[in-house]
Enquirer: 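Right, I'll just put the structure down here and ask away after.
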Amino acid sequence: MIINDRFVKFKTDNERVLSHPYINDVLVYDIECDSFDLDTSRVKFVGFYSYKYEKYILLHIDNHERIQGLINEHRILVGFNNKFFDGPIMENPVNGFDLKYKIVFDCLSVLYDMERRRPNREVIIKNPDGKMLASILKNRKLNSVAEALNIPVSKGDIDYKLFQKDEWSDAEIQEIFIYLYKDINITRQIFEYYITYFDGFRDLVPDDNIKRLNYIRSSTGSFAYSVVCHLADIPLVFEDDKEKLKLKPDNGGGYVLAPQVEYAENVVYLDFASLYPHLVFQCNLLTPADEGWSGDGFFPVKGTYDKTSQGKIDKILKDIYMKRRELKRAKDPRELGYKIAINSIYGISGSPVFKNVFNTTTAGDCTAIGRKTIQFTRDQFEAHGYKVIYGDTDSVFVQLPNGKTVQNLLDLSKSVIATIQAHMPFPVSTFVLDVDDEFDKVWLFKKKHYAGFNKDGKFIIKGLSIIKGDASQLAQLLFDKIRPLMIEKKDIKFDREYIANLIDIELKKNITIIGSLYNVRNPDSYKSASSLQCQIATEHGAGSHVLIPNKIIGDVGKSKKYCTPEEAVDLKIEDLCLDKLWHELDPFIKRPKDL
DNA sequence: GATTCACGAGTACC
DNA sequence: ACCGGTACTCGTGAATC
């Protein structure tokens with residue numbers, strides 16, 4: 001069955017030209033096929049948007065040559081999950097398309113690295129409202145990503161059984177094409193969002209990188225490496241020696257000071273401006289030498305670094321930092337690429353793949369200098385009558401005593417920093433302690449777990465179980481409810497009875513609200529089949545599942561059972577396990593001594 | 001047999 | 001064409017008393 005082109009062309013909605021020199025090499029595509037099995041799935045329809053022709057083209061699989069021809073005419077294939085789905089299916093023996101040497105631009109992979117199971121650009125990309133994508137995405141489906149980026153999506157799914165047929169009525173064809181068009185259009189808009197969002201990144205990389213869209217697709221570390229090699233005019237080389245790649249020195253990490261008090265008022269949150277980058281270029285850590293600076297008897301470093309002149313890459317890092325500072329002050333959005341490059345250099349300096357910046361001591365010495373810096377700062381503050389109640393890596397929470405002002409503290413910090421810098425070979429004036437925030441009230445629970453109100457009355461909450469994605473839905477719901485009360489009262493503590501009553505009300509309304517969201521992978525990717533996640537994956541498949549902890553129903557769990565919301569209809573409130581819920585709410589419960 | 005411990009897994013903070 | 005470590009929570013199964 002051949003479907004005439006004429007029938008399926010759509011006009012572009014606008015004529016806007018994207019600011020990318022190679023946009024005409026881009027072909028956005030999506031397939032409809034009859035199964036999810038990569039090796040045997042048969043493609044039934046393929047849809048395209050070609051920037052070269054500025055056209056949507058929707059084709060039935062019988063147009064095999066036309067489809068392959070269109071692909072051959074473009075260098076870059078854009079899709080959503082096309083790296084692991086559309087692409088492999090197109091190339092499988094059943095369909096036999098040739099996608100060799102194509103640049104695979106997967107809008108999903110840009111956000112999240114599926115193979116390494118770690119976030120990529122979703123932690124950098126903000127939506128039009130200024131919210132970080134990683135924090136607002138409920139899942140990583142096409143429509144969810146689109147919604148998060150304020151791209152309009154129409155609801156309504158197609159019946160996938162349609163793609164198992166080989167003959168369709170006109171109405172069905174129309175339905176299929178509308179569906180296909182929508183998905184391609186959404187994919188295109190997501191792609192364009194990326195192109196626009198990362199436009200400034202092009203300033204920092206060579207043409208080849210731009211040509212391959214690597215500045216968008218790659219990990220941020222890889223991007224940073226491209227940047228420094230390009231600016232230093234040294235070859236972009238990667239370590240290929242298997243033995244050297246295995247070399248993973250213990251790089252240490254940041255120092256976290258345990259909370260010294262449970263609660264405090266009038267607290268200044270100071271943090272070092274770009275701590276690690278500053279340490280790298282002030283100590284020339286990217287330029288090891290046989291003799292030179294080795295901590296000056298102050299910093300416990302292992303390596304030795306050139307102290308006669310600033311190294312080439314160290315200098316570039318400093319230049320990028322200064323340029324970013326300027327752009328940031330001018331509120332120029334192009335500052336982002338500089339920021340990412342700056343913050344990633346320390347990270348890649350500890351990874352042997354990045355040959356030009358790696359050596360065995362740099363990253364470890366950077367963290368060691370960081371620990372010394374923050375601990376010395378704390379000691380000096382304490383010696384001058386300030387109480388440091390908490391700190392993490394590059395920050396100190398300082399309780400301001402009566403009679404002392406923030407300016408007093410900042411003045412002291414200047415002299416402390418001068419002392420620290422006296423032991424560095426290439427000190428710079430931008431190495432300062434900034435006021436990150438000022439808390440009227442702050443509650444410190446554990447390391448990396450605190451909450452408070454800043455001087456503008458804004459509620460700040462970090463790390464607590466209740467704000468994590470796997471918190472019980474009821475805890476999240478209650479938190480949303482009591483949040484305005486907290487802000488109004490400027491207090492986070494409530495009576496246990498009050499909370500218990502709220503829990504009771506909500507559970508009576510909807511018992512399944514106690515469930516938590518579990519994000520699980522493919523069962524065979526787990527080391528231990530007994531783990532809860534693996535049990536969930538085996539029972540319900542990979543993906544996100546809401547499960548209800550209880551004492552009687554469910555094929556998942558051992559000491560505690562987990563059932564689906566559907567299975568939960570027979571449960572009574574007494575059957576539920578509420579310990580996790582109470583633990584999540586615990587920071588907000590008045591304890592006897594709080595009374 | 002109850003308690004402790006190490007571990008895998010997920011998520012957040014810097 | 002893989003940036004890093006720290007720290008919490010939860011559940012499981014083995015180790016320990």
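The chains referred to below are lettered A, B, ... by the order of the sequence lines, with proteins before strands, and numbering in each begins at 1. Being a predicted model, the structure only gives us computed values, none of them experimental.
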Enquirer: Angle between the two end axes of the helix from B:dG1-C:dC17 to B:dC14-C:dG4, five base pairs per end, rounded to 10 degrees?
Expert: 30°
Enquirer: Would you say the rings of A:Tyr276 and A:Tyr346 are close, in the sense that their centroids are separated by under 6.0 Å?
Expert: yes
Enquirer: Name the first nucleotide and the last nucleotide along DNA chain C (5' to 3') that come under 4.0 Å of a heavy atom in chain A.
Expert: C:dA1 to C:dG13
Enquirer: Reckon A:Ser530 touches a base, only the sugar-phosphate, or nothing at all at heavy-atom distances under 4.0 Å?
Expert: sugar-phosphate
Enquirer: State which residues pass side chain to side chain contact (heavy atoms under 4.5 Å, CB included) with A:Phe238; sequence neighbours excluded, sorted by chain then number.
Expert: A:Tyr225, A:Leu236, A:Phe354
Enquirer: Just call it for A:Phe354: base, sugar-phosphate, or nothing, with non-hydrogen atoms closer than 4.0 Å on any strand.
Expert: sugar-phosphate
Enquirer: Using the side chain to side chain contact (heavy atoms under 4.5 Å, CB included) definition, which of the options A:Val432, A:Asp436, A:Asp437 pairs with A:Asp434?
Expert: A:Val432
Enquirer: Is a donor from one side chain sitting under 3.5 angstrom from an acceptor on the other, for A:Ser516 and A:Asp470?
Expert: no
Enquirer: Can you sort out the partners of A:Ser274 under side chain to side chain contact (heavy atoms under 4.5 Å, CB included), two or more places apart, ordered by chain and number?
Expert: A:Pro277, A:His278, A:Tyr321
Enquirer: Using a 6.0 Å cut-off, check whether atom NZ of A:Lys560 has over 12 heavy atoms from anything other than its own residue.
Expert: yes
Enquirer: When every nucleotide of nucleotides 8-14 of chain B is labelled 5' to 3' by its protein contacts under 4.0 Å (heavy atoms), B for base, S for sugar-phosphate only, - for none, what sequence of letters results?
Expert: SSSBSBS
Enquirer: Classify the nucleic acid contact of A:Phe445 as base, sugar-phosphate or nothing, counting any heavy atom under 4.0 Å across all strands shown.
Expert: nothing
Enquirer: Under the salt bridge (charged side-chain N to carboxylate O under 4.0 Å, His left out) rule, collect the residues that match up with A:Arg121, sequence neighbours excluded.
Expert: none
Enquirer: Closer than 4.0 angstrom, basic N to acidic O: yes or no for A:Glu91 and A:Lys100?
Expert: no
Enquirer: Could you tell me whether A:Lys448 and A:Asp392 have a side-chain N and a carboxylate O separated by less than 4.0 Å?
Expert: yes
Enquirer: Assign A:Gly347 to base, sugar-phosphate, or nothing according to its heavy-atom contacts below 4.0 angstrom with the strands shown.
Expert: base
Enquirer: Given the side-chain rings of A:Phe453 and A:Phe459, with only the six-membered ring counted for Trp, is the space between their centroids under 6.0 Å?
Expert: yes
